[in-house]
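Read through the structure below, which is laid out as structure tokens, and then see the notes.
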There are 2 protein chains.
Amino acid sequence: MNGAEAILTTARDAGIDVCFANPGTTEMALVAALDSIRGIRPVLGLFEGVCTGAADGFGRMAGRPAMTLLHLGPGLANGLANLHNARRAHTPLVNVVGDHTTWHLACDSPLTSDIAALAAAVGWVHTSTDVKAVGTDVARAFSAATAPPGNVATLIVPADLQGLPGAGPAPTPSPPAAPAPESSRVAAAVGVLRRGKSSALYLGGPACRRDALQHAARIADATGCRVFVETFPARMERGAGTPRIERFGYFPEQTTGLLDGIDHVVLVGAPDPVAMFGWAGAASRMLPEQVQAVALAGVGENVDGALAAVADAFPKPARIARIAAFDPPPMPSGALDAYTLAAAIAATLPEHAVVVDEGATSSVPLYPALESAAPHSWLTLTGGAIGQGLPCATGAAIACPDRRVVSFQADGSGLYTLQALWTQARESLDVTTVVCANRAYRILQIELHRAGLPDTGRAARGLTDLGRPNVDWVHLAAGMGVPGVRAEDTETLVRALEHAYAEPGPHLIEAVLA
Amino acid sequence: MNGAEAILTTARDAGIDVCFANPGTTEMALVAALDSIRGIRPVLGLFEGVCTGAADGFGRMAGRPAMTLLHLGPGLANGLANLHNARRAHTPLVNVVGDHTTWHLACDSPLTSDIAALAAAVGWVHTSTDVKAVGTDVARAFSAATAPPGNVATLIVPADLQGLPGAGPAPTPSPPAAPAPESSRVAAAVGVLRRGKSSALYLGGPACRRDALQHAARIADATGCRVFVETFPARMERGAGTPRIERFGYFPEQTTGLLDGIDHVVLVGAPDPVAMFGWAGAASRMLPEQVQAVALAGVGENVDGALAAVADAFPKPARIARIAAFDPPPMPSGALDAYTLAAAIAATLPEHAVVVDEGATSSVPLYPALESAAPHSWLTLTGGAIGQGLPCATGAAIACPDRRVVSFQADGSGLYTLQALWTQARESLDVTTVVCANRAYRILQIELHRAGLPDTGRAARGLTDLGRPNVDWVHLAAGMGVPGVRAEDTETLVRALEHAYAEPGPHLIEAVLA
């Protein structure tokens with residue numbers, strides 16, 4: 001067995017069954033091994049950011065790592081932004097990156113660069129140096145990726161090691177369970193929550209999954225505490241049958257009123273919330289100064305168990321009052337804007353859809369609109385590195401072939417990694433992309449305004465406006481092999497959504513909001 | 001004057017007049033300053049790889065740095081692959097990257113990452129810490145970028161420093177001239193070249209510019225030595241009026257026959273050539289073992305002067321025999337393949353065009369075909385990180401508004417950074433993109449074959465084939481605002497080229513080679 005075969009056998013036996021790949025000359029033995037070692041599905045991305053973003057989406061939905069196969073330093077570099085998002089989502093993910101043949105490295109040929117330095121910026125990294133150990137190296141990478149709460153792990157494998165004989169697979173220990181937090185923290189949380197409506201639960205990471213949310217809702221019903229979810233959770237279960245949870249704000253000024261009357265917050269699966277940016281006149285900490293934060297369980301700890309223990313300290317309600325019934329907004333009509341768009345998405349949402357939300361400013365009304373829609377998983381941009389939505393939707397669809405994926409996509413962000421549409425076409429994935437075409441980096445126009453900076457100059461307009469010329473997403477989709485349609489009113493939009501959901505394969509709808 | 005204004009004033013006064021930008025929240029003060037400080041043209045790229053590749057193309061053609069404006073670590077990460085190419089091209093280039101407000105960094109907000117670690121992978125890097133010093137910081141970055149032979153320099157500026165008052169511009173010393181190599185090296189080179197046809201000149205970097213090539217041709221005429229150019233020069237002057245120079249090979253086996261009878265090679269502006277990859281059975285060094293290499297002048301030294309000094313050691317010929325006359329290949333007809341495509345490009349090439357060649361396997365016949373075409377500059381993929389062509393052509397067109405740019409583009413590589421087309425449309429650039437649509441990563445199919453690996457399996461085919469579905473470049477171009485046409489025969493291709501050259505603004509031609 002050569003090194004490449006040992007790598008893939010180890011990965012497959014550990015449970016990896018998909019490889020999002022854009023290989024090059026230094027990964028040819030691994031490509032051949034994807035054919036000789038059965039059980040890992042190769043999926044081509046036309047750009048590495050597609051591969052890494054898809055692996056993130058896959059990991060969030062499957063709960064186990066996908067593998068990526070990337071070419072040298074530049075290939076990894078192209079995938080870094082979405083690995084940054086995956087790191088912030090605590091997604092388990094294993095990158096395998098080829099390097100030059102060992103004896104070739106010293107000559108500094110054109111494609112040589114410091115791969116490990118790049119990989120270290122997003123998580124665990126190891127470079128294989130011995131063909132006999134490559135199986136063990138993969139097992140270590142897998143363990144690093146799956147150690148709670150989940151991590152990005154990168155294994156760099158020189159090309160000669162992939163082709164050398166004498167390798168063997170290694171067993172991979174099962175990932176350890178997330179440890180329970182100290183019991184004193186449960187007691188402290190119970191004490192805080194007994195204060196009732198002056199206290200709140202703040203949920204993030206694994207606390208946004210089904211069981212944890214149910215425990216949180218029980219606690220809220222029993223105590224009267226408020227319940228918030230972090231602004232950008234990796235994955236949250238939402239819609240009919242799930243508890244109604246308030247979303248935390250993005251700008252510091254949005255949270256001040258939100259927290260009126262609250263003096264204690266119990267953190268579950270999330271750190272003390274910090275602002276996205278260090279805005280002038282605001283603090284890094286998003287909770288007002290007088291609000292005390294009490295950590296119940298960190299993102300790598302057993303949040304379900306901790307929440308259940310807290311819930312058990314209170315009387316069990318006969319039923320949980322704050323569970324949402326199925327009650328989507330009425331079908332909108334007339335002009336298309338972010339609100340009618342959100343209503344249309346909510347009103348037509350297929351059951352058990354996966355909603356990948358990189359809508360940026362256009363998705364502000366989406367969260368409330370989806371509260372009583374059909375049950376669904378909601379995935380967001382955890383790391384702020386735009387260009388995550390289309391790839392993430394692609395990986396989610398590979399992970400969940402029986403579920404519809406709705407890719408709710410800001411136009412500026414979508415243009416970063418539009419190549420993902422082609423992978424959706426090749427793999428016949430049931431992804432409906434809705435492009436929120438406001439034809440601007442709207443958030444930057446808002447930021448200029450908030451900072452009191454002039455916004456009418458050539459640079460301020462030219463660098464925040466996506467018009468002149470308008471991007472035509474219907475053409476872009478067609479170019480990538482995805483049928484597309486433009487909607488400029490809600491009726492056309494709703495028809496297009498219903499058509500897309502009724503047909504297999506990917507579709508794109510450009511919803512013109514400008 | 002605030003920090004941002006001092007940064008731009010310093011940059012402008014040093015000679016920077018274009019900024020390829022994709023800013024975010026942490027660069028808003030710099031965006032505003034692009035309006036208040038006149039003289040730097042802002043050019044929006046819809047993806048950072050477009051910005052950095054354009055800055056590379058600009059620097060190669062203008063001979064001075066452009067600036068990029070990038071957002072935090074992920075923005076820089078997206079631009080790294082083309083910065084890698086710029087580094088290998090020795091292109092002077094100044095990146096300005098915003099970072100979080102200084103006091104916000106410690107809270108590790110979602111977009112926080114180690115920006116300096118990424119920047120260090122491609123060159124000089126400095127992080128500003130004092131608003132009073134930002135002018136000096138830019139001056140230092142400019143000096144680093146323009147120190148011979150040219151470098152990538154990155155200045156990281158926290159958002160608060162951009163907005164703070166109390167800053168001032170700093171003067172920038174003129175870049176030092178490239179130093180002359182020791183005279184003993186001239187003497188050694190003369191000694192070697194007296195051996196005549198058993199010796200060769202090997203030209204790279206700045207030795208591919210007009211004056212150096214003329215000196216080299218004089219030497220060759222006088223001595224009978226052979227003259228080679230490195231496989232992937234950053235910029236070479238070619239066509240009618242320039243010397244005919246043999247191109248070095250890509251695969252080691254291509255160079256063996258090429259060098260028959262040669263025992264000494266004089267290196268000018270290039271290192272002892274190394275192979276692109278460490279292929280089994282070949283060496284890293286591309287010159288055969290028995291060939292002795294003598295360095296006349298390195299890439300950062302005065303190659304013109306050194307070559308002139310060598311030429312002066314030989315009798316001056318009345319005229320240089322190996323100067324190419326204007327004698328383009330005849331207009332091709334019939335089926336379209338890489339050879340007829342190359343002939344069509346050469347036969348129709350406008351005078352003084354800039355040819356950006358990221359044609360990969362499809363450009364093998366282009367180099368010989370262009371030898372006697374109209375005079376032109378030829379730019380290639382120096383660092384092997386694909387996705388360079390379309391952005392590089394964009395920047396070259398900004399640098400040379402009076403010249404036609406021909407973007408000869410492999411389809412797989414072009415899909416990495418197709419967003420560059422939109423910038424071409426917005427800026428009305430005279431770029432004609434010719435997509436070599438062989439619908440495969442053909443080089444990888446060749447590599448599988450060379451390595452004796454099976455190439456018919458699901459992974460081997462699926463990961464090297466760009467079909468299923470075919471990408472439709474005419475639609476993609478239209479989506480980005482660029483008129484496009486598909487050519488499946490040479491007559492259509494020639495008509496499309498002539499039409500594109502006759503009309504202002506960008507055009508795209510999908511040349512189907514499949």
Side-chain angles (χ1 to χ4, degrees), chain A residues 21 23 25-26 28 31-32 34-35 42 44 46-47 74 77-78 80-81 84 88 100-101 103-104 107 109-111 113-114 117-118 121 274-278 284 382-385 415-416 419 422 425-426 447-448 451 453-454 457-460 462-463 468-469 471-472 475-476 478-481, chain B residues 21 23 25-26 28 31-32 34-35 42 44 46-47 74 77-78 80-81 84 88 100-101 103-104 107 109-111 113-114 117-118 121 274-278 284 382-385 415-416 419 422 425-426 447-448 451 453-454 457-460 462-463 468-469 471-472 475-476 478-481:
Chain A
T25 297
T26 48
M28 286 298 101
V31 168
L34 279 165
D35 282 320
L44 177 60
L46 296 183
F47 178 72
N78 285 333
L80 275 183
H84 171 89
R88 294 295 185 182
H100 284 299
T101 305
W103 49 258
H104 189 63
C107 79
S109 62
L111 268 163
S113 66
D114 188 345
L118 302 183
V274 296
M276 198 69 176
F277 294 103
S284 288
T382 49
L415 284 163
Y416 269 50
Q419 304 93 335
W422 182 85
R426 172 175 270 191
E447 292 283 14
L448 280 170
L453 293 168
R458 178 186 184 189
L463 298 179
R468 301 174 293 128
V471 167
D472 184 324
H475 274 303
L476 292 179
M480 296 292 184
Chain B
T25 297
T26 48
M28 286 298 101
V31 169
L34 279 166
D35 282 320
L44 177 61
L46 296 182
F47 178 72
N78 286 333
L80 275 183
H84 171 90
R88 293 296 185 181
H100 285 298
T101 305
W103 49 258
H104 189 64
C107 79
S109 62
L111 269 164
S113 66
D114 188 347
L118 301 183
V274 296
M276 197 69 178
F277 295 104
S284 288
T382 49
L415 284 163
Y416 268 50
Q419 304 93 336
W422 181 87
R426 172 175 270 193
E447 291 284 15
L448 280 170
L453 293 167
R458 177 188 185 186
L463 298 179
R468 300 173 294 127
V471 167
D472 183 324
H475 274 303
L476 292 179
M480 295 294 183

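So you know, we letter chains A, B, ... as the sequences are listed, proteins then strands, and number each from 1.
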Residues B:L44 and A:G462: closest non-hydrogen pair is CD2-O, 3.5 Å
Which of parallel (below 30°), tilted (30 to 60°) and perpendicular (above 60°) describes A:F277 and B:H100?
tilted
Quick check on A:A425 against chain B: is it the side chain, the backbone, both or neither that has a heavy atom closer than 4.5 Å?
both
Side chain from CB out, backbone as N, CA, C, O: work out which of these in B:A460 comes under 4.5 Å of a heavy atom of chain A, or both, or neither.
both
To the closest 0.5 Å, what do you measure between CZ (B:R458) and CG (A:D35)?
9.0 Å
For chain B, find which of A:H104, A:E447, A:M28 contributes the most heavy-atom pairs closer than 4.5 angstrom.
A:H104
Find the one option among A:C107, A:A32, A:S284, A:P454 whose heavy-atom pairs under 4.5 Å with chain B are most numerous.
A:S284
Toward chain A, the part of B:L46 with a non-hydrogen atom under 4.5 Å
both
Sub-3.5 Å donor-acceptor pair from the side chain of A:R468 to the main-chain atoms of B:R426, do we have one?
no
With the side chain counted from C-beta on, respond yes when A:L476 and B:L476 share a heavy-atom pair under 4.5 Å apart, and no when they do not.
yes
Checking A:D472 now: which residues fulfil side chain to side chain contact (heavy atoms under 4.5 Å, CB included) with it, not counting sequence neighbours?
A:V474, A:H475, A:R486, A:E510
Please name all residues satisfying side-chain hydrogen bond (donor to acceptor under 3.5 Å, both in side chains) with B:Q419, sequence neighbours left out, ordered by chain then number.
none
Hey, which of B:T25, B:T26, B:T382 has the most heavy atom pairs under 4.5 Å with chain A?
B:T25
In terms of heavy-atom pairs under 4.5 Å with chain B, which of A:G383, A:S109, A:A385, A:P110 leads?
A:P110
Output the option from B:L463, B:V471, B:L80, B:L118 having the highest count of non-hydrogen pairs under 4.5 Å with chain A.
B:L463
For A:A459 and B:V31 the tightest heavy-atom approach is CB-O, 3.6 Å
Most heavy-atom pairs under 4.5 Å with chain A, out of B:G481, B:P42, B:S113, belong to B:P42
Checking side-chain contact (heavy atoms from CB on, under 4.5 Å) for the pair A:L111/B:H84: CA distance, chi angles, key distance, verdict?
CA-CA 8 Å; A:L111 268 163; B:H84 171 90; 4.3 Å; yes
